[in-house]
Amino acid sequence: MKVLLVPQGNRAVLIRLDEDGSPSGGSSPAEEVTDDLVGSVAAIEREHAPRWVWEDTSRIYPRLLDGGVRVRRCHDLALVDAILAMRTGRTTVPSTPADLRPGLFDADPQADPVAVLADYRRQNEEIGDDRALQLLAAAESAGSLAAAEMTFDGLPFSAAAHRRHLDAMLGARPVDGSTPPALVKLENEISSAFGRRVNPGSPAEVVAAFARAGIELTSTRAHMIRDIDHPAVPLLLRHRDLSKLHSTNGWAWLDAWVRGDRFRPVYVPGAVVSGRWASRGGGGLQIPKPLRASVIADPGHTFVAADAGQLEPRILAAMSGDPRMVAAAGTADLYAPVAAESFDGDRARAKVAVLGVLYGATSGEARSLLTRLRARFPEAVAVVEEAARAGERGEVVRSWLGRACPPPPPQWWSTGDAHARGRFTRNFVVQATAAEWALCLLADLRGRLWSSRSELVFFQHDEVVVHCPLDDAPWVAEAVAAAADSATRLMFGDTAVRFPMETRIDRFYGAPAAEPDVESESD
DNA sequence: AGAGTAGGCGCC
DNA sequence: AAAGGGCGCCTACTCT
């Protein structure tokens, strides 16, 4: 069962739909107007658990969450339209940007239920019996529900622990919002080292200061200056570090984004062209490692944090069906068999080669490694190289489930960098497919956690974090593994490629001790 | 004063 | 270890 929902202020129009998207009940459409939006949805969800069809989850769902109502499934017309429009090259204004203030809701533009219904039926027609596209639409929509719920629930975050960290690193918080003591001290020391006043935050001033010391720089980036023998260098690097902490995740950030020991970034599904989520405000998807020590579970609770190791190479293996690459991706460490096949067992080289082929590395060494990779894994390499060549010709490429990349801008044809475009399309096919796999995992896991005491609290490209009562952790860990398996079957059928989840159960999200062995990398 | 760009950093 | 893809966010600085 499906129900079209068109909110109009506190009222809403509800239309029951058959599977094909036509209104139920034939000549007398099952249309209903309610002035209790939240109550009506709750009742229908309880009884039928339909797929809700609505214009924009990010605008509608926060109201339901505020009212204590959650729904299992939906079809987000805006997100699906963005996918369909990109596929056909329809020029659309990138639709309405999501309402970035969850909980706040302005008056609805008076949406016309008839027009919304027509949109849905047009989308259904366009999707047709393309199973991949059906899956993509469902996964994208499920993701929109998860995103709204994660913003609503928030990530458990100890403000006190973070304050202690800030105090230890920056000194006591200045009451007037001025520069923290540790930064003032470093600024003075840097100036002393250069023999005159230098603002370490100004690349131009730093370049000039080094020039006066007889050191010519084209950039002041950390890796450029790290090995320079000058007393100001370590001070500058330290200043960069602390200054970043202060400006990006300092006290002001804490005040703005953490309330009630929950960090609530706004997630924006589909905002990245590859289908990855973006986040707006607070740096939700760029939580620096040091900050994660303050992500602490509630009393009696813990985190189950799982990430898909070596996701993109495994995706390439599954997409290509390359027998040797599939075999390599059937093991716990994909790089080891690749190393054995092509690089005399040199795992580091194998990894450089594989990442290089995914990203389109151009440096000298990567090229020769690529040749060796191609010799033993020709079909895997061909998948990305064909995508790269298509990009260089100015063509559009698609992910496994059918998400299209944007076309080159009009002026590209005269002035564009063909190789850059090739690198983009090369990476797109893999990154976008990886995003689809992760979205399928998220959707499936969300279903498994439905009506449990566990909540999804974080999702970042290839990683998911569940906050749950201590006793539930083993069960949740199993659910994550099962969800990964479901995602794999949904997308790739009975492939021999494995997508192992590296799962940690810990009250602290920031795993302090570096793992002694194997993978510390993300890809 | 506000918008836009570049440099820098950090997340996957 | 970096490189190559995708992002967001901060500061400095320039343009309008």
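Quick caveat: nothing in here was measured; it's all calculated off a predicted structure. So that the names make sense, note that chain A is the first sequence line, chain B the second, and so on, each numbered from 1.
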Side chain to side chain contact (heavy atoms under 4.5 Å, CB included) between A:Leu133 and A:Arg87, worked out: CA-CA 11 Å; A:Leu133 207 45; A:Arg87 281 167 60 88; 3.6 Å; yes

Expressed in angstrom and rounded to an integer, what is the separation of A:Leu237 atom CG from B:dC9 atom C1'? 12 Å

Would you classify A:Ala222 as touching base, sugar-phosphate or nothing, given that sugar-phosphate means primed atoms plus P, OP1 and OP2, and contacts are heavy atoms under 4.0 Å? sugar-phosphate

Among A:Trp251, A:Phe263, A:Trp257, A:Trp253, whose ring-ring contact (aromatic ring centres under 6.0 Å, His included) with A:His162 holds? A:Trp253

Distance check: side-chain N/O of A:Lys289 vs OP1/OP2 of B:dC12, anything under 4.0 Å? yes

Is the distance between the ring centroids of A:Phe458 and A:His467 under 6.0 Å? no

Which angle, to the nearest 10 degrees, lies between the helix axes at the two ends of the helix from B:dA1-C:dT16 to B:dC12-C:dG5, each defined by five pairs? 10°

By nearest nucleotide on DNA chain C, pick out whichever of A:Phe424 and A:Gly283 is the more 5' one. A:Phe424

Can you tell me if A:Arg374 uses its side chain to pair, donor with acceptor, with the backbone of A:Val381 under 3.5 Å? no

Classify A:Gly201 by what it touches in the nucleic acid, base, sugar-phosphate, or nothing, heavy-atom distance under 4.0 Å. sugar-phosphate

Please state how far atom CG in A:Asn427 lies from atom P in C:dG6, giving the value in whole angstrom units. 7 Å

Please work out which residues in residues 212-221 of chain A have a non-hydrogen atom less than 4.0 Å from an atom of DNA chain B and list them by number. A:Ser219, A:Thr220, A:Arg221

For A:Leu236 and B:dC9, what is the distance between atoms CG and C1' respectively, to the nearest whole Å? 15 Å

Near DNA chain B, counting only heavy atoms under 4.0 Å, which residues of residues 238-262 of chain A show up? A:Arg240, A:Asp241, A:Lys244

Using whole Å, what does the distance between atom C1' of nucleotide C:dG5 and atom CG of A:Leu316 come to? 14 Å

Under 3.5 Å: donor-acceptor pair, side chain of A:Gln431, backbone of A:Ser274: no

Donor-acceptor contact present, side-chain A:Ser279 to main-chain A:Val266, <3.5 Å: no

Restricting to side chain to side chain contact (heavy atoms under 4.5 Å, CB included), what partner residues turn up for A:Thr57, sequence neighbours left out? A:Trp54, A:Tyr61, A:Cys74, A:Asp76, A:Ser144, A:Leu145

In whole Å, what is the span from the CD1 atom of A:Ile287 to the C1' atom of B:dC11? 9 Å

List for me each residue that meets salt bridge (charged side-chain N to carboxylate O under 4.0 Å, His left out) alongside A:Arg446, sequence neighbours excluded, and say none if there are none. A:Glu149

When the distance from CD of A:Gln431 to P of C:dG6 is rounded to whole Å, what number comes out? 8 Å

Could you note down all residue pairs passing salt bridge (Lys or Arg N to Asp or Glu O under 4.0 Å) where residues 252-278 of chain A supplies at least one of them, sequence neighbours left out? A:Arg173-A:Asp255, A:Arg262-A:Asp298, A:Arg262-A:Glu455, A:Arg276-A:Glu312

Distance-only, no hydrogens or angles: does the A:Ser399 side chain make a donor-acceptor pair with backbone N or O of A:Arg403 under 3.5 Å? yes

Just N and O in the side chain of A:Arg423: are any of them under 4.0 Å from OP1 or OP2 of C:dG5? yes

Can you tell me how far P of C:dA1 sits from CZ of A:Arg347, to the nearest Å? 13 Å

Between B:dC12, B:dG10, C:dC7, which nucleotide gets closest to the side-chain atoms of A:Pro288? B:dG10

Taking N or O atoms only and anything under 3.5 Å, show me the protein contacts with nucleotides 13-16 of chain C, one pair per line.
from: C:dC13; atom 1: OP1; to: A:Ser202; atom 2: OG; distance (Å): 2.6

Side-chain donor-acceptor contacts of residues 336-344 of chain A below 3.5 Å, not counting sequence neighbours, with atom names and distances?
from: A:Glu341; atom 1: OE1; to: A:Arg376; atom 2: NE; distance (Å): 2.9
from: A:Glu341; atom 1: OE1; to: A:Arg376; atom 2: NH2; distance (Å): 2.6

With sequence neighbours excluded, tell me which residues meet ring-ring contact (aromatic ring centres under 6.0 Å, His included) with A:Trp277. A:Tyr267, A:Phe459

Which residues pass the side chain to side chain contact (heavy atoms under 4.5 Å, CB included) test with A:Ala305, sequence neighbours left out? A:Val465, A:Arg504, A:Tyr509

Counting any heavy atom closer than 4.0 Å, what does A:Val273 reach on the DNA or RNA strands: base, sugar-phosphate only, or nothing? sugar-phosphate

Applying ring pair (Phe, Tyr, Trp, His ring centres under 6.0 Å), which residue pairs with at least one partner in residues 368-412 of chain A are found, sequence neighbours left out? A:Trp400-A:Phe492

Just to be sure I understand the rule, does A:Gly284 reach a base, reach only the sugar-phosphate, or reach nothing, if contact means heavy atoms closer than 4.0 Å? nothing

Whole angstrom is fine here: how far is it from CG in A:Leu358 over to P in C:dG4? 15 Å

Listed pairs under 3.5 Å, donor-acceptor, residues 205-227 of chain A side chains, sequence neighbours left out:
from: A:Glu205; atom 1: OE1; to: A:Asn199; atom 2: N; distance (Å): 2.8
from: A:Ser219; atom 1: OG; to: A:Arg221; atom 2: N; distance (Å): 3.0
from: A:Thr220; atom 1: OG1; to: A:Arg240; atom 2: NH2; distance (Å): 2.9

